Amino acid sequence: MTFEDLLEQQAKEIARQQGLRERIYCCTAAGCVSSGADAIKKAIDEEIKARGVGAEVECCGTGCMGLCSKGPLVRTQSDGTIYAAVTPEDAGALVAGQGANLLADRKLDPQADFFIKQEKIVLANSGTVDPERLSDYIAAGGYQALARAVMELTPQQVIEEVKRSGLRGRGGAGYSTGLKWELVAKQPVDTKYVVCNADEGDPGAFMDRSILEGDPHRVLEGMAIAGYAVGAQQGYIYVRGEYGLAIQRLQAAIKQAERERLLGSRIFEDNFQFRIDLRIGAGAFVCGEETALIASIEGKRGQPRQRPPYPPESGLWGKPTLLNNVETFGNIAPIVAKGGDWFATIGTPTSKGTKVFALAGKIENTGLIEVPMGTSLRTIVFEIGGGIPEGRAFKAAQTGGPSGGCIPPQFLDIPVDYESLHKIGSIMGSGGLIVMDDTSCMVDVARFFMDFCMDESCGKCIPCRAGTVQMHDILQRITKGEANENDVALLEQLAKLLRETSLCGLGQTAPNPVMSTLNYFSGEYEAHIRDHRCPAGHCVLPAAASSNREVQA
Amino acid sequence: MPVVTKPDVPAVKDNRERFLERAMSRHHYSGDALIEVLHTAQELYGFLTPALLKTIARKLRLPPSRVLGVATFYHFFSLEPKGEHSMIVCTGTACYVAGAQGLMRVLEHRCAKAGSTSPDGKMSVQAARCIGSCGLAPAVIYDGKILPRLTPDQLNAELDRIGVK
Amino acid sequence: MSVRTLEIDGKAVTGVAGQSIFSVAWDNGIHIPRLCHVGGVSDVGACRLCMVEVEGQRKLVAACMTPVEEGMVIRTNTEQLLAHRRLIVELLFAERNHICAVCVVNGACELQDLAASLGIDHVRLRYRFPTLSVDTSHERFGLDHNRCVLCSRCIRVCDEVEGAHTWDFSGRGVNSLLISDLGEAWGESESCTSCGKCVQVCPTGALFAKGKMVSEMRKDRRFLKYIVTAREKHEWVR
Ligand SMILES: Cc1cc2nc3c(=O)[nH]c(=O)nc-3n(C[C@H](O)[C@H](O)[C@H](O)COP(=O)(O)O)c2cc1C
Ligand code: SF4
Ligand code: FES
């Protein structure tokens with residue numbers, strides 16, 4: 001395909017879509033599918049057939065529209081309305097164009113905070129493009145950034161653009177993406193690899209999954225641009241085995257792109273070639289760590305190794321390897337298309353662009369959102385998220401999963417960016433944001449995350465393998481009222497040991513949930529230990545009959 | 001999750017061997033493809049037997065201990081036959097906050113611990129880290145279908161219904 | 001070979017480019033504690049006992065995995081490092097069942113030596129007392145999982161020097177277990193050549209020679225470095 005072909009295809013598809021009376025989008029992302037979206041799509045398709053209106057009405061599936069808790073969601077293109085809690089019985093009304101009247105009670109208000117406070121770059125196509133059709137992505141301007149990169153820019157110029165954007169990795173650590181690309185590009189080696197980290201393992205995080213399910217071509221395009229920029233000809237996407245739908249859509253998308261020569265050899269009639277293969281994970285959180293991920297692609301036990309050397313110098317099969325997160329790649333096409341300067345206008349001075357968050361827990365609007373960096377936690381939780389259900393009180397927001405921390409109410413007004421979160425003992429992480437109300441026991445939350453780390457520790461290094469077990473044991477005893485103050489001191493020492501001596505990020509950050517809850521909710525620890533009482537009413541403790549002080553003596 | 005077929009009906013046995021062979025040859029019998037091959041083997045046979053692991057080790061020219069090491073490192077692979085039914089309890093944070101532990105306790109008490117199958121072979125219990133249905137927490141995948149917002153009472157009722165003691 | 005000049009614990013020392021901090025320190029009589037490192041096979045940096053401070057670096061580094069650089073100022077014995085090492089050794093004691101009084105290598109065990117040199121007289125952590133087996137199926141050797149510290153020395157020596165790759169780990173995290181072949185008894189292993197190198201490099205009494213009484217067995221761990229360099233240095237006679 002040439003650039004002209006691409007533009008022609010775009011124009012044709014746009015014209016075709018405009019010729020339709022109605023395009024009905026059914027959210028077919030995992031959240032809505034689990035509340036029955038497939039049946040709705042089927043009902044609508046049948047309705048279209050039954051009425052013989054196939055020429056004027058079309059129904060397609062899309063990626064996540066955001067408000068998962070109100071699903072299944074359906075959007076009608078003619079007026080842009082989103083309907084909540086749709087059932088197969090509504091198919092007739094939707095196909096007949098009677099949604100506005102007959103489903104009025106389930107119309108979502110487009111002026112609601114949930115919609116207007118968001119800014120969508122990565123998710124721009126989620127909910128408006130059929131992820132299973134390349135033509136839809138092309139109609140939305142897809143692959144034009146790749147065309148621009150390959151035909152108009154030198155690899156160095158592409159890297160400059162990414163550097164100018166100020167984009168930082170969305171996989172957790174927030175390393176400058178442009179610098180990383182430059183590092184790989186600089187290696188004087190012929191064989192290089194681009195790897196997309198789609199092993200999203202944080203419990204309570206589903207951003208990457210939604211991006212892959214909702215807009216797979218976006219990720220492929222970002223990877224191809226990266227391949228061009230760093231001089232790689234082969235890319236791998238390492239996807240979690242649990243993400244069946246994402247895997248299916250990626251496989252289909254790769255096939256389509258290869259058929260249209262958007263991947264493969266002689267891309268845009270240029271000498272650039274780039275292939276992408278999938279590698280399916282097999283249930284190990286630690287494989288999200290870059291060196292473990294590389295070991296896993298090589299067919300080995302997913303155990304991290306010492307860095308340096310970092311993957312940009314020596315990665316997959318010892319070759320220079322660029323490893324970025326799904327959302328990071330999702331930002332690339334818009335940056336190349338609209339320019340790094342445009343991107344840099346969004347966000348805060350040190351954290352540019354937007355961030356996708358998965359809202360979950362005790363919050364009204366669970367789902368997927370994208371906000372400019374620097375948006376306050378309050379805006380996210382109370383305006384976009386709709387606050388805490390049942391009139392309960394906000395207690396903490398957990399970001400960064402098992403590597404992150406719990407943010408107490410006094411920090412609700414901090415801007416959400418890499419530095420601010422780090423300062424208060426949490427991290428940006430990959431974007432899981434779990435809200436807890438006054439029924440959540442913070443000691444038990446810490447225990448939950450430690451249990452996770454213990455389970456997911458690869459076992460290579462002693463501090464993490466044996467230390468998480470001991471920290472979990474202490475936390476468990478606290479929740480059962482069987483611990484004393486010495487145990488807390490030991491907990492702190494172990495935390496320090498894990499932080500400073502563990503081999504990889506898993507062990508190094510495993511103490512974060514414990515330390516942040518100890519910091520901000522020490523009263524809860526004391527209540528469990530001294531008074532055998534769980535302030536949240538979550539833990540079952542024996543009465544405080546036997547005093548702990550005796551045990552200590 | 002990839003569909004797991006039960007190991008049964010000897011009539012299709014030859015086919016499965018052929019499929020496995022094809023998967024290995026597609027990767028040029030490279031040891032790097034071990035995880036892909038194990039995925040395929042598990043899809044075909046339901047679980048990984050020692051004989052299967054041995055075959056894979058021989059064909060991919062890998063030390064047997066490395067094959068077993070990989071097969072046991074990843075929780076996705078199972079070395080035991082699956083039960084008649086399966087329940088995957090999401091233990092992601094959202095489900096945890098919404099009470100997944102209570103469900104797990106019921107299953108542990110009545111069936112088996114996460115990652116194992118009940119002694120009577122009725123139920124395989126697994127824990128998953130976030131199945132992406134946080135809006136429906138707590139969620140359980142029961143024989144491939146999602147049970148949203150499940151309560152321990154509902155779970156007990158379903159276990160009663162299928163005859164779990 | 002270019003020379004690197006640096007300082008370890010206040011002592012000016014030299015090493016060659018590419019040499020690890022651990023090895024330069026050792027050459028200069030500074031013995032950094034270690035458990036996973038053994039001369040003659042690759043390093044993995046798993047035990048974390050050799051962590052040292054490097055001036056100007058925010059994080060501690062593993063001495064066995066970090067090459068020396070010109071002008072480095074290294075401290076191997078600060079209070080903090082000692083506290084970390086103590087806790088790591090305590091973690092090991094609590095993890096499995098290390099009962100020295102009934103062990104064949106009592107008195108010649110690297111774990112025991114570590115505990116002694118770090119002044120560990122009690123363990124503050126809760127013992128886990130796992131139920132682990134002892135495999136005595138091999139004609140000449142035995143494997144006691146209770147004493148295994150998962151350092152992977154045996155795996156590396158078997159793979160890299162003997163070329164048999166009999167050993168590997170199964171499971172992960174705290175459930176990691178040393179296995180031979182497909183997890184059969186050691187005596188039934190088809191790949192094992194009974195060379196005994198794994199037994200010699202094992203730092204504890206996890207791998208042992210049969211027929212020894214409590215406290216009787218002594219291991220020779222330096223043979224390895226010697227045999228792997230013999231060809232290169234033309235030194236076949238020790
Ligand atoms: C234990 C652990 C788990 C991780 N999991 C993920 C993950 O699921 N997805 C991801 O993109 N990065 C994950 N990371 C971060 C990666 O190692 C790596 O930094 C990241 O993928 C780099 O991409 P970026 O620069 O685009 O952020 C994890 C790191 C650690 C230590
Ligand atoms: S910190 Fe934990 S996960 Fe990372 S290498 Fe060590 S044991 Fe493995
Ligand atoms: S000797 Fe360096 S980590 Fe074990």
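A note on names: the letters A, B, ... follow the listed sequences, proteins ahead of strands, and every chain is numbered from 1. Every value quoted in this text rests on a predicted model; they were computed, and no experiment measured them.
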Neighbourhood of chain A inside residues 44-61 of chain C, taking heavy atoms under 4.5 Å as contact: C:Val44, C:Gly45, C:Ala46, C:Cys47, C:Arg48, C:Met51, C:Lys59, C:Leu60
Heavy-atom count around [X] [atom1] within 6.0 Å, excluding the residue itself: above 12?
X	atom1	result
C:Glu79	CD	no
A:His422	NE2	no
C:Glu160	CD	yes

Given that the side chain runs from C-beta out, which part of C:Asn175 has a heavy atom under 4.5 Å from chain A: side chain, backbone, both or neither?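 Neither part.
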Against chain C, work out which of A:Cys464, A:Pro308, A:Ser502 has the most heavy-atom pairs shorter than 4.5 Å and name it.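 The option with the most such pairs is A:Ser502.
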Please assess C:Leu125 against A:Leu494 for the test side chain to side chain contact (heavy atoms under 4.5 Å, CB included), listing each intermediate value before the final yes or no. CA-CA 10 Å; C:Leu125 306 160; A:Leu494 284 162; 4.0 Å; yes
Let me know if [X] has heavy atoms under 4.5 Å from chain C in its side chain, its backbone, both or neither.
X	value
A:Gln470	side chain
A:Leu490	side chain
A:Gln493	both
A:Thr468	neither

State the CD-CG distance between C:Glu90 and A:Leu497, to the nearest 0.5 angstrom. 10.0 Å
Between CG of C:Leu87 and CG of A:Leu498, what distance do you get to the nearest 0.5 Å?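 So the CG of C:Leu87 and the CG of A:Leu498 are separated by 9.0 Å.
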Polar side-chain atom of A:Arg465 near backbone of C:Ser176 as donor-acceptor pair, under 3.5 Å: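 Side chain of A:Arg465 to backbone of C:Ser176: no pair is present.
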Any donor and acceptor pair, going by atom type alone, linking the side chain of C:Arg172 with main-chain N or O of A:Lys460 inside 3.5 Å? no
Option that, when pairs with chain A are counted at under 4.5 Å, heavy atom only, ranks first among C:Glu95, C:Met65, C:Arg124, C:His84: C:His84
Select, from C:Leu92, C:Leu35, C:Thr66, the one with the greatest count of heavy-atom pairs under 4.5 Å involving chain A.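 Going by pairs under 4.5 Å, I would pick C:Leu92.
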Please list, chain by chain and in numerical order, all residues satisfying side-chain contact (heavy atoms from CB on, under 4.5 Å) with A:Arg477, sequence neighbours excluded. A:Asp473, A:Ile474, A:Glu482, A:Ala483, A:Asp487, C:Arg126
Quick one, A:Ser457 and C:Val174 - any side-chain contact, counting heavy atoms below 4.5 Å?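 No, their side chains stay 4.5 Å or more apart.
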